[in-house]
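Below is one structure; the comments refer to it alone.
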Amino acid sequence: MLETALIIEKVAPYFLIFKALIIQFWWIVPPFLLYPQLKFYFTLYMAAMWSSDKSREIITLEIKIPRDLTRPIKAMENVMNSIWGSYDPPKDWRASYFEGKVILPVSFEIAGIDGVPHFYIRIPKSNRKLIESAIYSQYHEVEIIEVPDYTKQVPMDIPNSEWDLWGTDFELVKPDVYPIKTYEQFFEERPDTPSEEKRIDPLSSLFETISKTSKGEQMWIQMTMWPISTKENDYVGRGKKEVDKLVNRNKKGEFVSLIEDFFKLLFTGKMSEPPKEEESILPPEMKLTPGERDVVSAIEKKISKPCFQGFIRYIYLAKRDVFFGGAKGFGTSFFSQFTTQNLNNLKPWGEVTTKIQSPDIFTARRLYLRKRDILENYRNMAPSFDPHPKEGSIYTFSVEELATMYHFPGIDAVPTLALERVEMKKAAPPLTLPTEN
């Protein structure tokens with residue numbers, strides 16, 4: 001006891017000094033701890049102010065497709081390449097932090113309303129001319145008109161006593177450098193038909209599904225994307241690392257080797273022997289199976305093209321007297337067409353799907369709030385995890401992948417009568433037309 005008392009007597013002054021330091025200088029620590037959060041919310045606020053400018057307000061364009069449209073899906077890839085030209089990132093930290101400049105998004109949307117499919121693009125008003133010129137350059141016959149926002153044509157407080165909904169965001173099963181199935185793989189080997197008729201259009205099943213819905217039912221598909229480069233997302237570097245891993249080029253890091261050698265020498269007294277050189281004259285990529293070569297080729301092809309970054313979601317909403325619970329599978333069925341077991345595929349993300357797995361607490365209330373959130377996020381073209389994006393909630397697609405999921409089909413590829421087509425495009429009179437003086 002005496003020894004303990006002596007120790008406390010000696011240590012006590014140091015505790016008093018430490019307490020005095022905390023009282024005098026506690027205010028120095030919080031700024032360092034809070035700086036990341038303050039920086040994040042400051043840039044978020046500045047970005048909201050910059051985006052609220054009238055020239056950048058969101059408008060909705062509907063694309064009316066003519067009956068005689070025969071353009072291949074490759075044309076839509078060219079459109080996506082042109083839209084990628086809207087890439088205009090902040091030039092430096094001043095533009096980001098004090099102007100609030102961000103890369104403007106484009107939302108490619110397909111909506112089935114009362115059994116009728118519609119093509120919409122929601123964009124900032126300042127990008128309208130670029131989007132229109134990109135589409136008209138490949139699809140001369142279509143009509144592009146500004147329309148009211150269709151998401152505001154239904155009650156804002158769904159779910160309510162009259163309406164209900166089911167929705168989900170999609171996530172990729174593998175890293176986003178692995179591509180999904182693209183239009184070049186939707187091909188039917190029939191030598192007796194013209195080349196374009198050999199295409200099996202993935203939109204045909206979606207439109208047939210929409211045509212089977214009744215009045216009061218709506219299906220919404222949203223692909224919100226913004227152009228990126230390796231400055232914002234080093235998808236090229238990540239793709240090359242994945243390729244190196246697949247062809248066994250990745251060697252054990254020198255630091256890891258040193259640690260292993262140290263412990264081996266410590267416990268056994270022997271050093272690791274240097275790895276023996278393989279005598280094979282074939283490079284690693286020549287040892288791959290045909291399937292493995294296809295995977296490597298697909299990754300290299302994806303990272304060689306311009307890419308967008310964003311997210312995909314699906315919502316089914318309807319009046320309660322016609323609400324069909326099985327409609328939750330419609331969106332999943334559409335995106336499952338782009339699945340390949342050796343590459344990538346999209347699946348519903350359980351964390352944002354409008355279902356609360358029982359047993360749980362406050363199930364009804366949490367389900368209600370989740371439905372409200374997904375509808376609000378759809379209207380605002382916002383990620384589900386906003387303002388803190390969660391890993392996997394935003395991913396990368398190439399222009400080829402986007403064109404596969406969103407394009408304007410010809411009547412041969414999608415013959416359904418549900419898709420409203422214009423008989424002819426309205427055009428301005430020719431400049432040579434004589435006029436009265």
Side-chain angles (χ1 to χ4, degrees), residues 60-65 69 71-86 105-113 116-123 127 130-132 134-139 142-144 147 150-151 169-170 172 176 179-186 199-210 219-228 302 305-315 330-339 344-346 378 381 394-410 413-414 416 419-421:
T60 304
L61 302 178
E62 182 175 5
I63 296 86
K64 298 284 190 179
I65 303 172
L69 184 68
R71 301 291 289 160
I73 302 178
K74 177 69 176 177
M76 196 64 195
E77 183 177 344
N78 294 335
V79 171
M80 295 297 181
N81 271 310
S82 298
I83 293 175
W84 189 91
S86 65
V106 179
S107 190
F108 306 99
E109 300 176 3
I110 300 173
I113 302 174
V116 180
H118 300 266
F119 285 97
Y120 295 109
I121 298 181
R122 288 201 285 164
I123 54 169
N127 282 353
L130 183 146
I131 300 296
E132 288 183 336
I135 296 174
Y136 282 138
S137 68
Q138 299 295 324
Y139 297 92
V142 303
E143 285 187 24
I144 304 175
V147 296
Y150 69 96
T151 68
D169 281 16
F170 286 86
L172 289 171
D176 60 0
I180 59 173
K181 185 178 180 181
T182 58
Y183 64 85
E184 291 185 350
Q185 297 166 282
F186 286 91
R199 298 290 183 190
I200 303 173
D201 199 305
L203 292 183
S204 59
S205 63
L206 175 65
F207 290 161
E208 284 299 330
T209 301
I210 291 174
M219 293 171 54
W220 299 351
I221 289 176
Q222 180 181 72
M223 292 167 269
T224 300
M225 301 285 158
W226 51 93
I228 57 167
K302 175 171 181 173
K305 297 193 174 192
C307 285
F308 288 75
Q309 182 175 275
F311 52 89
I312 295 176
R313 65 168 52 101
Y314 162 76
I315 289 180
F330 293 164
T332 305
S333 175
F334 169 64
F335 286 108
S336 68
Q337 297 177 96
F338 311 112
T339 296
N344 219 335
N345 62 290
L346 289 154
Y378 191 106
M381 299 166 19
I394 294 175
Y395 28 80
T396 303
F397 283 114
S398 69
V399 291
E400 181 180 343
E401 292 173 288
L402 278 179
T404 303
M405 295 184 288
Y406 186 93
H407 57 270
F408 310 135
V414 183
T416 178
L419 180 59
E420 293 183 343
R421 298 179 184 269

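Residues take their numbers from the sequence shown, with the count starting at 1.
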Close side-chain approach of [X] to [Y], heavy-atom, < 4.5 Å:
| X | Y | result |
| --- | --- | --- |
| Leu346 | Leu172 | yes |
| Asn345 | Phe338 | no |
| Arg313 | Asp169 | yes |
| Ile221 | Met405 | no |
| Phe334 | Thr209 | no |
| Leu130 | Ile123 | no |
| Phe207 | Asp201 | no |
| Pro409 | Ser204 | no |

Would you please classify the geometry between the Tyr406 ring and the Phe108 ring as parallel, tilted or perpendicular, with 30° and 60° separating the classes?
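Aromatic pair Phe108/Tyr406 classed tilted.
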
Over 60° means perpendicular and under 30° means parallel, so tell me whether His118 and Tyr120 are parallel, tilted or perpendicular.
parallel

Could you tell me whether the side chains of Thr182 and Glu184 share a donor-acceptor contact shorter than 3.5 Å?
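Side-chain D/A pair, Thr182 to Glu184: absent.
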
Which atom names give the shortest non-hydrogen contact between [X] and [Y], and what distance separates them?
| X | Y | answer |
| --- | --- | --- |
| Glu401 | Ser398 | OE1-N, 2.8 Å |
| Pro227 | Phe308 | N-CD2, 3.5 Å |
| Pro105 | Thr224 | CB-CG2, 4.2 Å |
| Ser86 | Asn127 | CB-ND2, 3.9 Å |
| Pro306 | Asn81 | CG-OD1, 3.3 Å |

Please check: side-chain N/O of [X] versus main-chain N/O of [Y], any donor-acceptor pairing under 3.5 Å?
| X | Y | result |
| --- | --- | --- |
| Ser333 | Phe330 | no |
| Thr404 | Tyr183 | yes |
| Trp84 | Cys307 | yes |
| Gln337 | Pro202 | yes |
| Gln222 | Tyr378 | yes |
| Arg71 | Gln138 | yes |

Please evaluate residues Tyr139 and Ile144 with respect to the criterion side-chain contact (heavy atoms from CB on, under 4.5 Å), reporting the C-alpha separation (whole Å), side-chain torsions for both, the decisive distance (0.1 Å), and the verdict.
CA-CA 11 Å; Tyr139 297 92; Ile144 304 175; over 6 Å; no

Begin with the C-alpha distance, continue with both residues' side-chain angles, and end with the deciding distance and a verdict on side-chain contact (heavy atoms from CB on, under 4.5 Å) for Ile135 and Leu61.
CA-CA 12 Å; Ile135 296 174; Leu61 302 178; over 6 Å; no

Hey, what do you get for [atom1] ([X]) to [atom2] ([Y]), rounding to the nearest 0.5 Å?
| X | Y | atom1 | atom2 | result |
| --- | --- | --- | --- | --- |
| Thr151 | Trp220 | OG1 | CH2 | 5.5 Å |
| Ile121 | Glu62 | CD1 | CD | 11.0 Å |
| Met76 | Ser82 | CE | OG | 10.0 Å |
| Ile131 | Ile83 | CD1 | CD1 | 4.0 Å |

Please assess Ile312 against Tyr395 for the test side-chain contact (heavy atoms from CB on, under 4.5 Å), listing each intermediate value before the final yes or no.
CA-CA 9 Å; Ile312 295 176; Tyr395 28 80; 3.8 Å; yes

What do the steps show when you test Tyr150 against Glu109 for side-chain contact (heavy atoms from CB on, under 4.5 Å), and what is the final call?
CA-CA 11 Å; Tyr150 69 96; Glu109 300 176 3; 2.6 Å; yes

